[in-house]
Amino acid sequence: MNDNNDIEREKDYYRALCNDLGGQLLKIRDEHTRAMSAARRARMTASLIRRLYHLDHLNLDLANLARVFLETATNALTVECAALFRLDDNGHGFRLLHAIGFEPPPEGVLADVHLPAGFRFHNSASASDEFSLALERLARAPFYLWAYDAGTGTALYFGNREEDLQLRQRFSADDAEAIEAALDVFINVTERKRVEQQLVHDAFHDALTGLPNRALFIEHLDQAMRRAVRADGYVFSVLFLDLDRFKLVNDSLGHTAGDELLKAFAERLKRATRPGDVVSRLGGDEFAVLADDLHIPEDAVLLAERIHNALQDPFDIDGQQVFTSASIGIAKSAERYRDGDELLRDADIAMYSAKELGGASHRLFDSDMHVVMVSRLQLETDLRQALERDELRVVYQPIVALDTGRLRGFESLLRWKHPLKGLIRPREFISMAEETGLVVPIGRWLLRRVLTDLGGWLHGYPQHIDLFVSINVSDREFIQPEFTEMIDAELARAGVPAKALEIELTERMLMHYAKLRADTLPRLRERGISIAIDDFGTGYSSLSRLQRLPIDKLKIDQSFIRDMDRSEENAELVRTILAMGQSLGMRCVAEGVERREQYDQLRNLNCAFAQGFFIAKPLAEHRVRTLLAIPETV
């Protein structure tokens, strides 16, 4: 009996030992399986990272990333079919990025599938019915796993076609974790690649307009030059564009409006050019066009004319109509150019030549322009030093009343006494001063000099108590925010009454910019300062617009006066302007009177004032004092 008990106990012991060993073996097997799965997952993840990160980022696209990703993942998981989708822009359907093992590829099979909110990873049992049915249609088999990242809208699918029920457990929980980890790798790598791509794009594109920047434009230009060397008859040109008076828009409407104008200009420029042309923003208000593969060099001129036509209509900037034009320089491809920078430089030089014509024009580069530009750069440097070196001078041209012949005032005229070139007239440097912004400090200096002289005359020659002096004001000066206050300060400093000062503004400036500083003219008039339109008749003023502006005088441009005594057409134009001025209650001043016949004719037409060489040439300040000392001076 005892022996039997001992035998049973011994059997129980060995059964327990076997069970324990079996359990340990099972545990070891499970741990080994998990370790193998973890190792496989780690190898797959490392392989994914290695292959994705070593793709050439310059040739990167999402479809290529998706292909490498699926090839690596399917090999690691030994699955037969896989697909990678990206949620479309409307957030309802998916766009296929890449697929493996499908015939034909499952285009649009997940279209218009509405996804449950907030899920991260599911298997077929827990997925939404709508999405599960779509996935089953995708693989036509019940054996699949899928993952979805709600943050990026990326969906990943893996499936097998076997229908043996014993293979239903082929995808384990570790496989599911591997799929989820693989998706994380793909999302992280694609995001990093996207950032890299964005950085590369930003390095070669303008942030405001999205156009290629100078660096990318030069790269395209160098490529065109290499093609020109290889291919006979290959012709291209570079157009360099600069917006006319853009600084006025910036100064008057603000930099935000200026940015909007630049973006709108860029869009018009793209529409005006051909599909193969490269349009670039070089910086500021400067743009360039690479007119590629032209039939004949003259085609570049036709392109420039098309751009001019595209700028005829105004731009709507925050409800404000803004007109602008462009100065365009054209440089044609030639063997003498060593690189793109030289070609772009010459197009830039031609642009400045076009700008000197008054803007809204284009010029073809020629070698003489380079000599002129070098001289211009030196002149600009000298002009910046002219104020410091006291090289600027003021002369005064007398203005007389035609009904009495008596002296009534002067127009102040700026001169530059260059140490090497002698006396330089304003037409040779004022446009440069406006472009560089030097016109503002020069204008302030001129106003102070004129008022100082005028104050001395009024105090020294009390018989001329009603004497006035007119001063030309540029666009850039007029739109300065504190223009009126600056004039107040200078009048007070010189002790000159406001009625003795007359401000001359160009007709074009009044038509385009007076409404941008709508309060400036009334404030000047309130102080007693007279306002005159200079060179009247050369612009496009409308009668209704003139009626609304507080203008005192119209200065008839000398081009109408020059031949009025010899041309009935010119005489009729002068009569029309005088009649317009009288109907508006504005007095007229005839400029450029050089002959007695013109003087007499203007007096008979009841023109109020006149100035010109027939009356007197511009005088230095000390000669003005001599003139004022003569009783009843003409």
Side-chain angles (χ1 to χ4, degrees), residues 242 247 327 329 345-346 348-359 363 365-398 410-457 469-478 480 486-487 490 493-494 504 506 534-535 558 591-592 611-613 616-628:
D242 184 89
K247 290 182 177 63
S327 299
R345 177 206 62 198
D346 285 353
D348 189 7
I349 291 173
M351 181 276 294
Y352 273 104
S353 179
K355 192 170 284 291
E356 288 178 349
L357 297 176
R363 291 289 304 275
F365 175 81
D366 61 57
S367 56
D368 291 340
M369 289 181 181
H370 189 267
V371 177
V372 172
M373 180 54 64
V374 172
S375 175
R376 176 189 172 86
L377 290 174
Q378 183 59 53
L379 194 65
E380 180 181 328
T381 301
D382 294 343
L383 181 59
R384 291 183 181 276
Q385 299 171 343
L387 276 174
E388 301 173 3
R389 296 175 177 176
D390 194 28
E391 296 173 359
L392 298 180
R393 301 287 184 270
V394 185
V395 293
Y396 299 92
Q397 185 164 46
F410 297 90
E411 179 180 357
S412 59
L413 302 170
L414 185 64
R415 299 289 186 266
W416 177 13
K417 190 176 182 181
H418 193 279
L420 298 177
K421 299 182 179 180
L423 203 62
I424 301 178
R425 296 183 180 276
R427 63 173 176 267
E428 299 178 49
F429 67 87
I430 284 298
S431 62
M432 179 191 303
E434 290 177 342
E435 291 172 17
T436 59
L438 289 171
V439 72
V440 175
I442 289 175
R444 180 75 181 255
W445 177 89
L446 177 62
L447 179 65
R448 176 169 294 187
R449 179 72 267 168
V450 166
L451 292 179
T452 299
D453 291 345
L454 179 56
W457 302 338
V469 175
S470 66
I471 184 170
N472 290 274
V473 173
S474 72
D475 303 359
R476 293 289 297 274
E477 295 173 88
F478 180 75
Q480 294 299 310
M486 183 267 292
I487 290 181
E490 294 300 332
R493 180 182 180 278
E504 292 190 20
T506 65
D534 193 21
D535 300 331
Q558 61 181 338
E591 297 181 297
Q611 65 184 85
F613 282 8
K617 293 182 178 181
L619 305 172
E621 194 276 336
H622 70 279
R623 292 190 177 276
V624 171
R625 287 182 176 272
T626 301
L627 184 65
L628 293 175

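One is the number of the first residue; the rest follow in order along the sequence. What you see is a predicted model; the values in this text were computed from it and never measured.
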Are any of the side-chain heavy atoms of [X] and [Y] separated by less than 4.5 Å?
| X | Y | value |
| --- | --- | --- |
| Thr452 | Arg493 | yes |
| Phe410 | Asp453 | no |
| Leu413 | Gln397 | yes |
| Glu621 | Trp457 | yes |

So salt bridge (charged side-chain N to carboxylate O under 4.0 Å, His left out) across residues 411-421, not counting sequence neighbours, yields Glu411-Lys555

Whether the side chain of [X] engages the backbone of [Y] through a donor-acceptor N/O pair (distance < 3.5 Å, no angle test) should be reported.
| X | Y | answer |
| --- | --- | --- |
| Ser412 | Tyr396 | no |
| Asp348 | Met351 | no |
| Thr626 | His622 | yes |

Nearest heavy atoms of [X] and [Y], plus distance in Å:
| X | Y | answer |
| --- | --- | --- |
| Ser470 | Glu504 | OG-OE2, 2.7 Å |
| Phe429 | Ile424 | CE2-O, 3.5 Å |
| Leu379 | His418 | CD1-CD2, 4.5 Å |
| Ser327 | Gly359 | OG-CA, 3.3 Å |
| Glu391 | Arg393 | C-NH1, 3.5 Å |

Measure from NZ or CZ of Lys617 to the centre of the six-membered ring of Phe613, then state whether that distance is under 6.0 Å and the direction lies within 45° of the axis.
yes

What distance do [X] atom [atom1] and [Y] atom [atom2] have between them, rounded to the nearest 0.5 Å?
| X | Y | atom1 | atom2 | value |
| --- | --- | --- | --- | --- |
| Asp366 | Ser353 | CG | OG | 7.5 Å |
| Ile471 | Arg449 | CD1 | CZ | 11.5 Å |
| Arg389 | Trp416 | CZ | CH2 | 9.5 Å |
| Ile430 | Leu383 | CD1 | CG | 8.0 Å |

N/O donor-acceptor pairs under 3.5 Å from side chains in residues 436-447, not counting sequence neighbours:
{"residue": "Thr436", "atom": "OG1", "partner": "Met432", "partner atom": "O", "Å": "2.9"}
{"residue": "Thr436", "atom": "OG1", "partner": "Ala433", "partner atom": "O", "Å": "3.3"}
{"residue": "Thr436", "atom": "OG1", "partner": "Leu438", "partner atom": "N", "Å": "3.4"}
{"residue": "Arg444", "atom": "NE", "partner": "Glu490", "partner atom": "OE2", "Å": "2.9"}
{"residue": "Arg444", "atom": "NH2", "partner": "Glu490", "partner atom": "OE2", "Å": "3.0"}

Quick check on side-chain contact (heavy atoms from CB on, under 4.5 Å): which of Asp535, Asp534, Leu414 does Asn472 satisfy it with?
Asp534

